[in-house]
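Quick notes on the structure that follows.
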Amino acid sequence: MLLSAVGAALAWRPRSKRCWSTVLTLGAIAVLVSFVGALWFSLQRPPLRTMGETRLWYSLFSIIVGLIIYRHWHFRWILSFTTVLSAVFCIINIIHPELHDRSMMPALQSAWFVPHVAVYMLAYAIMGCAVITAVASLIKQQTALLHTTDNLIYIGVALITFGILSGAVWAKQAWGDYWSWDPKETWAAITWAIYMIYIHIRQTHASWHKTACLLVIIGFLGLQMCWYGFSYLSTSQQSVHSYSQIQ
Amino acid sequence: MKFKVFTYIGAYIIVSAIIQLTSGGFPMHALAFPVNIAAAMVWTGILYLLHHKRGDTEWMKVLAGGDCSILALVLFIVGCLVLGFVPQQSTDTYSLWSRLGVFHFTTSWIFIAILLLLMTNLTLVVLRHRSTDKWCQYRFLLNHIGLWLVLFALFFGAPDTHKYRIMAYKNIPERMGYDVDAQPALLDFGLTLRSFHVDYYRNGTPSSYKAEVMVNHSPATIEVNTPYTVSWKEKIYLVGYDVESGNQSPYCIFESVVQPWNYLILLGIVGMALGALLLFIHGSNKHRAGEEVNDVVE
């Protein structure tokens, strides 16, 4: 986090010193990748089962996506926001440490497990960055920022679609149904539909900037419901996704 | 967004709510094969004819328009929010909410109407689509037809999907299964449990379990994530055992799932996955007239 924070700060410096922000952010990514790799090795299973483990992936992917946006669109402020976003989830993990064990329920022992969860965590990170660019677009009133949001949303939606489809095929293999309106599936469908509305509004009502930005924020709230929020609802008692409940 | 879109679709949803209040939930079982095939053909046939004969009328333009797509998605979200917030399978049968089907919302006329609206809009959007860009054309068609196939097969195929729970004791052939209403049914196959094995982690939670069975005199192993394929439309899943007895469990619980529309759903999934891949590769891929894209201020 320290490397990422210094990297984000250097992004505000003159152009000649900006390459150090990339180097330091890459260093932060390398540290997080090493930590995830070591955790994977020590647990002898993919560290994607508990909420804390998924938060770790979210932190990693947020910094990666932030760096890609910084390099591609040259938004100097994005690294500061993604560093804060990533730090929040790391701090939550430090404040609420989990007892990691090697156990993984049989239903999770599938070839679909890693791609399904990893693709979702990457999508969450991209959509988190999309919220940052959408809010910045609202404040600064810049259409260029909304174009960046468009690109992030398209990539994020593609990943969410992969996540839903891989989940459906896995569910068929494990339980016999592609789709069963399980609460987590339902919230995934809600989130996907919100982003579909965003795409359609940007296609058919290009001048509805505020509505589009608002949809990005609502969509991100939907993602939070899909990730962990649904487990606070009474409907979660009917969910087969009980292994991902708040820990 | 045009006021007429709200009027037409609002009236449509109100009609579905009235049908729900007066006749109860959607009779899904009445749509079983071959009725679902006939209904699907009539529905798509009517839409195709309307598109060609009445495509220029105002209400057809409304149905095939982008505003209708947005409104159908909004209604879909509202329907999903009911499913997301309201626990299903409530025993309350007298309240207005219950009569509106909110406790069994997937079989409510309102939710069925929303899905039908979404599918109708998808059909007409695909029929009307014209694009000069080859990749945009592919992406559009894969995403929309893929989703259409998934919705179509899940919707019209639902009445043909059957599940039977099978309680199989060791070395006793079993030919009976029980559906979701606990009604007995004769299975297409005979199932005999030969042995059962469960492995545990150090903390006592099961790491894996599997059953050795005979299905119609053929030996097979069934475990979680590895069902046994009986035929192109039927698979057997291992869903439970006597947890107290562990390896000495005298029985296993299996579930036979019959889903004849399986491959159509899979085809739709493949279409959507390819569409999503093109979405990933090409991104938003457009610069709108009147919008300056180079006004990046750092």
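Note that this is a predicted model, so its numbers are computed, not measured. Order of the sequence lines sets the chain letters (A, B, ...), proteins ahead of strands, with each chain counted from 1.
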Please state whether the side chain, the backbone, both or neither of [X] comes within less than 4.5 Å of a heavy atom of chain B.
X: Leu233(A); value: side chain
X: Ile194(A); value: both
X: Trp192(A); value: side chain

message: Can you tell me which of Arg202(B), Gln259(B), Lys235(B) forms the most heavy-atom pairs within a distance under 4.5 Å of chain A?
response: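 Top count of heavy-atom pairs under 4.5 Å with chain A: Gln259(B).
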statement: Among Gly79(B), Ala273(B), Pro206(B), Ser208(B), the residue with the most heavy-atom pairs under 4.5 Å to chain A is Ala273(B)
- request: Answer yes when Asp160(B) and Lys233(B) have at least one side-chain N-carboxylate O distance shorter than 4.0 Å, and no when they do not.
  value: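 Looking at Lys233(B) together with Asp160(B), the answer is no, because their closest N to O distance does not fall below 4.0 Å.
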Are the side chain of [X] and the backbone of [Y] linked by a donor-acceptor contact shorter than 3.5 Å?
X: Thr191(A); Y: Gly219(A); value: no
X: Ser236(A); Y: Ser239(A); value: no
X: His282(B); Y: Leu278(B); value: no
X: Asn225(B); Y: Gln109(A); value: yes

Contacting moiety of [X], where chain A heavy atoms sit under 4.5 Å:
X: Val86(B); value: backbone
X: Leu274(B); value: neither
X: Ile265(B); value: side chain
X: Leu238(B); value: neither
X: Glu223(B); value: neither
X: Asp199(B); value: neither
X: Tyr200(B); value: neither
X: Phe280(B); value: both
X: Leu277(B); value: both

field: Minimum heavy-atom distance Val82(B)-Gln88(B), with the two atoms named
entry: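 Answer, listing the atom of Val82(B) first, then Gln88(B): O-NE2, 4.1 Å.
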query: How about Tyr198(A) and Trp208(A): are their ring centroids closer than 6.0 Å?
result: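 Between Trp208(A) and Tyr198(A), which both carry aromatic rings, the centre distance is not below 6.0 Å.
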- prompt: Thr82(A) versus Val65(A): any side-chain heavy-atom pair under 4.5 Å?
  reply: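 Result no, sub-4.5 Å side-chain heavy-atom pair not found.
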Heavy atoms only, distances under 4.5 angstrom: which of [options] has the most pairs with chain B? Name it, please.
options: Ser103(A), Ala193(A), Ser166(A), Ser110(A); value: Ser103(A)
options: Thr148(A), Val157(A), Ile201(A), Asp177(A); value: Asp177(A)
options: Ile155(A), Leu165(A), Thr186(A), Thr161(A); value: Leu165(A)

Gap between atom CG of Leu279(B) and atom CE of Met272(B) - 0.5 Å precision: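 So the CE of Met272(B) and the CG of Leu279(B) are separated by 10.5 Å.
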statement: Rounding to 0.5 Å, atoms CG (Leu221(A)) and SG (Cys226(A)) come to a distance of 13.0 Å
message: Around atom OH of Tyr70(A), are there more than 12 heavy atoms from other residues, nucleotides or ligands closer than 6.0 Å?
response: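 For Tyr70(A), atom OH is crowded (more than 12 foreign heavy atoms under 6.0 Å).
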